[in-house]
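Reading through the structure tokens given below for one structure.
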Amino acid sequence: MEDHEIKPIIEALLFVSGDAISVERIREVLPEIEKSKIIEMLVALQETYEQSDRGMQIVLVASEYQMTTRSEMSPWVKKLEKIKTASRLSQPSLETLAIIAYKQPLTRAEVEAIRGVDAAGVIKTLIDRRLVKIVGRKEVAGRPLMYGTTRDFLLYFGLPNLAGLPTLKEFSDIAEREAELSEESDSSELALEPASEVESCEESLVTSEESK
Amino acid sequence: MEDHEIKPIIEALLFVSGDAISVERIREVLPEIEKSKIIEMLVALQETYEQSDRGMQIVLVASEYQMTTRSEMSPWVKKLEKIKTASRLSQPSLETLAIIAYKQPLTRAEVEAIRGVDAAGVIKTLIDRRLVKIVGRKEVAGRPLMYGTTRDFLLYFGLPNLAGLPTLKEFSDIAEREAELSEESDSSELALEPASEVESCEESLVTSEESK
Amino acid sequence: MNGLETMEDVSGIGVKVPAFEGSLELLLHLIKENQVNIYDIPIAFITQQYLETLDQMKSLNLSIAGDFLVMAATLIHIKSKMLLPVHETEEAEEIEEDPRFELVARLLEYKKFKEAAGELESFETIQRQIFARAPLPVDSETCEISLGNLDMTDLLTALQKVIARLPDPATLFIQNDELSVRDKIYFLVSMMEPGKTLLFDQIFDGVQTRHEVVVTFLALLEVIRLGLIKVLQLEDCGALRLIGTDNLKNNNLTFLEEE
């Protein structure tokens with residue numbers, strides 16, 4: 001194998017590995033290449049990266065080679081990490097969002113009753129991210145604030161409206177057949193199905209209208 | 001900032017991100033740089049990687065840029081045992097995915113109407129693999145869920161965007177037939193219109209009947 | 001192609017029956033194998049081939065989905081229709097539709113996507129040869145998900161996790177029961193103003209539990225009784241509309257507090 005064939009292979013290995021990688025490890029992938037040749041190629045790669053204006057470098061750490069960003073890039077790399085983190089939702093946030101989406105409007109105490117942990121911080125994060133908003137006060141002692149989801153929430157999830165939220169049952173039953181669905185009549189599971197209930201109410205309203 | 005300073009920063013960001021990264025995201029890191037300049041630098045980087053013997057390349061997927069290994073390196077990269085590959089998609093999954101990709105948003109029943117077989121299990125698998133997502137409900141009786149493809153779908157197939165899907169082949173065949181039969185020649189219009197296709201085969205059937 | 005995984009021949013007849021997922025797939029296979037023109041399918045021939053394949057599948061103890069039998073019936077029906085003489089009594093005004101038309105349309109539609117699936121598969125093959133970098137070891141945030149990539153699946157998965165942790169999953173569903181008719185009356189009145197109309201369905205936007213539906217409905221009846229809102233149905237079976245009346249202006253609902 002020619003040098004100009006070996007070099008990109010080693011470069012690809014360094015890139016994809018993420019971690020530092022030993023010469024022995026590279027030889028396992030390229031057993032037909034001499035150890036000295038591999039080292040020669042690694043050094044050549046190191047030089048190539050140093051000579052030109054590159055974002056990365058190849059460093060020797062603990063007798064292993066690693067591709068990393070150059071230290072001069074660190075302000076921007078850190079900024080990217082920060083932005084990335086800021087645009088992420090943690091698992092607790094996601095769970096709280098799910099509860100609010102499906103149970104809105106509800107109070108912080110109600111969220112906490114379900115998750116079993118303090119929800120103040122998480123709700124604040126969700127409000128900051130404009131996914132959740134205050135929608136009113138509950139008319140009970142202390143008139144606590146009630147929370148609901150925002151328009152941004154709908155946009156994120158591509159929902160035309162809240163009624164578009166899939167029911168939990170639909171989700172877990174995607175793999176099941178319709179027949180089985182309609183046979184079941186577990187009332188607790190119906191809790192998350194607005195559509196059918198609205199229909200039944202409509203009927204009864206019409207009846208009450210007519211009876212007037 | 002000079003081009004030779006911007007380029008390595010963008011290179012470092014691509015490297016460190018691992019995942020595909022959007023021009024907008026890069027701009028958040030480099031807010032003082034024009035969007036057009038960033039795109040220019042990305043394209044310049046792409047070219048640099050293509051011209052020399054490199055182990056990596058910069059690709060445009062899901063309207064974002066990503067640094068990946070070149071396909072020629074795959075035999076060696078795969079030998080690095082770390083690298084795990086997800087199992088390939090089954091034929092039913094590919095067919096279902098094709099239908100969803102071209103006709104989205106659509107319901108499970110609509111998928112089933114085309115394939116003639118139950119689609120629930122396959123759709124569930126595709127959702128689990130994050131290739132398909134729920135995108136809303138169809139405003140018809142029963143308000144069934146509608147499905148569409150995800151960003152991961154584009155990444156999985158290396159597509160820059162949905163417009164990058166190959167044109168549905170069958171249409172041109174039928175268009176040709178139609179042109180043949182009725183001596184019309186507006187094949188271009190047929191690109192995504194199943195209705196006209198149905199018409200054209202009706203015609204050809206009728207013709208073949210008459211010729212008997 | 002599914003047909004690649006040929007079923008083991010246990011019957012000893014020496015036939016190989018590929019595994020077909022559905023009747024359309026089987027039909028396309030027969031059309032291709034026999035090099036038949038899809039626009040002019042010799043129905044009698046293809047029906048015979050189709051039924052023979054079903055027999056082979058049965059003899060191999062393959063379970064035959066209902067779909068295959070429905071198609072068999074369809075084929076036989078088309079075949080019988082095509083045997084009938086063409087009626088010329090009807091003034092030749094309308095050319096009688098070819099009985100094969102609907103089937104051919106379905107086959108073509110399916111074939112189109114089957115071929116697209118083939119193309120996707122070739123993309124898949126290419127993509128499997130390129131590799132992205134393993135994410136940096138900032139994996140302390142493993143559970144986090146990028147907002148841009150959020151979809152409904154994430155939300156539902158999160159909800160499922162919550163429910164899985166609950167000692168009694170019913171908690172999630174009965175929690176809101178404190179929401180009273182009075183709360184809902186306030187809510188309805190706050191949504192309406194004199195002359196403003198709402199669709200009946202709109203007052204149920206965001207309503208998730210059966211309890212809340214009932215409460216909302218009772219609240220609606222109450223505001224109708226109080227003459228604050230009127231219900232209209234403009235046409236038979238048309239949408240119900242709610243209209244705020246002038247009484248909304250001077251009603252402060254204080255009486256509700258005195259219950």
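A, B, ... follow the sequence lines: proteins, then strands. Residue 1 opens every chain.
Taking 4.5 Å as the limit, every side-chain heavy atom of C/Lys112 sits out of range of all side-chain heavy atoms of B/Tyr102. No side-chain heavy atom of B/Ile100 sits under 4.5 Å from any side-chain heavy atom of B/Leu131. A heavy-atom distance below 4.5 Å is not found between the side chains of B/Glu110 and B/Met146.
Residue C/Glu119 touches chain B through its side chain alone, counting heavy-atom pairs closer than 4.5 Å. Of the two parts of B/Ser93, neither the backbone nor the side chain holds a non-hydrogen atom closer than 4.5 Å to a non-hydrogen atom of chain C. Heavy atoms of B/Arg70 lying under 4.5 Å from chain C belong exclusively to its backbone. For B/Leu165, the part lying near chain C is the side chain, with the backbone staying farther off; criterion is any non-hydrogen pair under 4.5 Å. Only the side chain of C/Leu24 has a heavy atom closer than 4.5 Å to any heavy atom of chain B. In this structure, chain C has a heavy atom under 4.5 Å from the side chain of B/Gln66, while its backbone stays farther away. At a 4.5 Å heavy-atom cutoff, the contact between B/Gln57 and chain C is made by side-chain atoms alone. Using a 4.5 Å cut-off between heavy atoms, B/Ala20 makes no contact with chain C at all.
Annotation: cation-pi geometry not satisfied between B/Arg115 and C/Phe113 (NZ/CZ under 6.0 angstrom from ring centroid, within 45° of ring axis).
Remark: B/Glu64 engages B/Arg151 in a salt bridge, criterion side-chain N to carboxylate O under 4.0 Å. Ion pairing between B/Lys7 and B/Glu11 fails under the 4.0 Å rule for side-chain N and carboxylate O.
Defined by atom type and a distance below 3.5 Å, a donor-acceptor pair is missing between the side-chain atoms of B/Gln104 and B/Tyr147. No side-chain N or O of B/Ser63 forms a donor-acceptor pair with one of B/Asn161 less than 3.5 Å apart.
By number of non-hydrogen pairs under 4.5 angstrom with chain C, the leading residue of B/Leu89, B/Asp128, B/Asp152, B/Thr96 is B/Leu89. When each of C/Ala116, C/Gly118, C/Ala65, C/Ser122 is scored by its heavy-atom pairs under 4.5 Å with chain B, the top score falls to C/Ala116. Top candidate by heavy-atom pairs under 4.5 Å with chain C, chosen from B/Thr150, B/Leu97, B/Val61, B/Val117, is B/Val117.
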